[in-house]
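Atoms within a ligand are numbered from 1 in the order they appear, just like the ligands themselves. Heavy atoms only: backbone and side chains are in, while hydrogens, waters and symmetry mates are out. FYI, the numbering just counts along the sequence from 1.
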Amino acid sequence: MEKRLRLAPSPTGLLHIGTARTALFNWLYAKKTNGKFLIRIEDTDFLRSKSEYTKNILEGLKWLGLEWDEEPVQQSNRISIHKNHIKKLLEIGAAYRCFTSEEEINQLREEQKEKGLPPKHDNRHRNLSKQEIEEFISQGRTSVIRFKIDEKAEINWADQIRGEIKWHGKDLGGDLVLSRRATGYDIGDPLYNLAVVVDDNFMNITHVVRGEDHISNTAKQILIYRALEFKLPIFSHTPLILNSEGKKLSKRDCVTSIDEFREMGYLPEALANYMSFLGWSPKTCENEILSLNEISKIFDLSDINKAGAKFNWEKLNWINAQYIKKMESSKLSEIIKKYWDNLGWKSPSSDWDLKLTTLLKDSMIILKDAIDQSKPFFSLPQIQEEGQELLKNKESKESLKQILSYLRQENIDRLDQDKAKEIINKISKTHSIKKGIVMKALRVAFFGCLSGPDLIQSWELLSENKSDLLRIERCFISP
Ligand code: GLU
């Protein structure tokens with residue numbers, strides 16, 4: 001039988017790393033089994049749902065390479081169907097109308113709190129007579145529809161990640177609210193636990209893979225499946241993503257939305273690759289740089305860990321750097337060029353762009369590093385303290401003086417790498433200054449400090465945008 005999996009995001013915020021990872025695990029299993037990966041937008045909370053969030057979620061999934069196989073289902077289009085199922089549950093006596101007011105519920109909570117008991121509805125309206133219901137309605141009271149939860153019910157399922165899970169009806173908080181705000185004999189607004197069962201059944205979902213925060217919902221939903229005589233899917237509950245302190249990753253942990261990762265310059269392939277290992281440990285896999293297709297071949301739900309997965313920036317950075325290194329320079333150059341254009345930085349030629357990209361590529365961790373790393377090629381960096389120290393050295397200054405006069409004498413306004421090497425050797429030999437000193441002095445002239453990219457390649461690039469002479473000259477102007 002075809003395996004059908006789904007992601008059911010609520011469009012109440014931007015695509016979050018946790019949702020993206022749930023999507024990824026669903027997608028990987030669907031691909032592995034030649035099944036289908038589907039989307040259902042759970043947008044029935046009209047106050048909090050926004051179409052721009054739906055757009056953001058779908059775009060983010062696409063960006064990560066997690067394409068879906070059928071037109072997404074929009075839950076809000078199915079409300080009348082959810083209501084029909086609630087009607088059915090009322091008809092078969094599995095649900096009932098409850099008129100407990102908010103004050104009454106608060107009072108009950110207070111009493112339970114005083115006794116040190118967890119909050120639980122006391123099902124006080126389970127057996128109202130027709131007349132009592134009529135009376136409440138004539139008083140103008142609104143109602144909720146509650147699903148009867150048998151205190152003695154035993155609910156167990158073989159979770160693909162966590163093994164056997166057992167729940168008891170008595171631990172589910174009393175009769176479950178299926179819909180709320182019903183006036184008169186209306187059904188009101190159906191809620192998540194009912195809608196999710198009806199829609200998963202409608203979409204023929206065979207495997208439900210979602211976060212462990214839904215475990216108690218699964219127990220409740222299984223009881224609804226039973227009452228509606230629907231076939232149960234196979235359930236799997238994924239571990240939470242934790243921050244470095246071992247707490248659930250939340251909006252307070254600076255970066256959590258996929259957009260933010262994208263803006264910082266993480267590549268989609270790298271982020272998806274990293275996220276796969278966030279809570280999943282394959283039995284045999286030495287290589288950690290793998291495409292989603294490669295991962296899907298070795299992926300299995302049973303290899304997902306039960307324990308929470310700590311978000312590890314170092315590992316993400318390492319993986320991203322590997323992907324940048326692997327990237328074709330021309331493609332990378334196009335991306336970097338956009339940053340320069342946005343900053344108004346003008347480069348002399350596309351060949352120069354490519355050369356600078358190739359020069360920086362190996363030291364980049366995220367795409368945005370290209371900005372800081374290429375900046376010294378567009379504007380004159382100040383000479384830092386270590387640079388000024390070096391220039392106090394006679395030989396350093398002398399070597400720069402000799403290079404300057406040579407460049408002027410020979411009228412060299414553009415040089416390639418061979419010529420650059422030749423000049424350094426020549427000056428070193430002729431004036432008996434160690435090559436290392438000549439090179440350090442040049443580095444200070446070019447970049448103002450002792451670190452930076454390859455000097456010879458840099459010189460070629462700086463000579464092309466005609467700033468090498470200027471950089472050397474300024475070493476002779478006292479600050
Ligand atoms: N809309 C729910 C959520 O975003 C879906 C949970 C589920 O997958 O059933 O948490």
Side-chain angles (χ1 to χ4, degrees), residues 3-30 35-51 53-58 60-61 66 68 70 72-79 82 85 147 155 157 159-162 165 167 172 176-179 189-225 228 230-241 248-251 256-258 279 301 304:
K3 301 205 176 4
R4 291 171 66 84
L5 292 97
R6 69 6 173 224
L7 179 77
S10 307
T12 52
L14 300 173
L15 178 60
H16 179 272
I17 181 97
T19 312
R21 197 213 32 182
T22 303
L24 178 59
F25 286 164
N26 276 280
W27 185 94
L28 286 168
Y29 194 65
K36 295 258 159 42
F37 170 62
L38 314 171
I39 308 257
R40 180 174 65 244
I41 300 292
E42 302 210 318
D43 58 345
T44 52
D45 181 344
F46 291 113
L47 287 177
R48 294 171 61 225
S49 299
K50 289 200 172 120
S51 59
Y53 290 141
T54 301
K55 195 165 163 257
N56 176 272
I57 292 167
L58 295 179
L61 293 174
L66 307 176
W68 45 96
E70 290 173 12
V73 168
Q74 202 160 337
Q75 192 162 60
S76 56
N77 290 339
R78 296 184 37 80
I79 293 176
H82 304 146
H85 283 88
F147 178 73
I155 310 136
W157 72 91
D159 195 286
Q160 298 296 284
I161 297 171
R162 317 178 79 83
I165 297 191
W167 274 79
L172 292 176
L176 173 72
V177 180
L178 296 180
S179 68
D189 303 328
L191 294 177
Y192 163 72
N193 276 309
L194 179 278
V196 81
V197 170
V198 171
D199 291 348
D200 279 341
N201 177 71
F202 162 74
M203 291 166 75
N204 293 317
I205 298 302
T206 58
H207 292 66
V208 171
V209 180
R210 60 186 167 201
E212 66 173 31
D213 44 337
H214 283 289
I215 291 184
S216 67
N217 281 332
T218 298
K220 293 168 189 167
Q221 288 167 22
I222 288 177
L223 293 175
I224 304 177
Y225 272 96
L228 290 170
F230 287 164
K231 191 171 180 315
L232 275 179
I234 291 171
F235 291 99
S236 308
H237 292 89
T238 59
L240 295 176
I241 302 180
K248 186 181 169 182
L249 197 75
S250 73
K251 290 204 175 92
T256 51
S257 85
I258 294 301
L301 292 170
I304 295 177

Colleague: Where do Gly13 and Ile57 come nearest, in terms of heavy atoms and distance?
Modeller: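 The pair with the smallest heavy-atom distance is O-CD1, 4.0 Å.
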Colleague: Answer yes if the side chains of Asn193 and Gln221 hold a donor-acceptor pair under 3.5 Å, and no otherwise.
Modeller: yes
Colleague: Quick one: are the ring centres of His207 and Phe25 less than 6.0 Å apart?
Modeller: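 Between Phe25 and His207, which both carry aromatic rings, the centre distance is not below 6.0 Å.
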Colleague: Say whether His82 and Asp199, considering side chains only, have a donor N or O and an acceptor N or O under 3.5 Å apart.
Modeller: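 On atom types as modelled, these side chains qualify, holding a pair under 3.5 Å.
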Colleague: How are the rings of Trp157 and His237 set relative to one another: parallel (under 30°), tilted (30 to 60°) or perpendicular (over 60°)?
Modeller: tilted
Colleague: Stepwise, does the side chain to side chain contact (heavy atoms under 4.5 Å, CB included) test hold for Lys3 with Ile234?
Modeller: CA-CA 10 Å; Lys3 301 205 176 4; Ile234 291 171; over 6 Å; no
Colleague: Mind jotting down which protein residues get a heavy-atom contact under 4.0 Å with ligand 1? Chain and number order, please.
Modeller: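 Residues near ligand 1: Arg6, Ala8, Ser10, Glu42, Tyr192, Val196, Arg210, His214.
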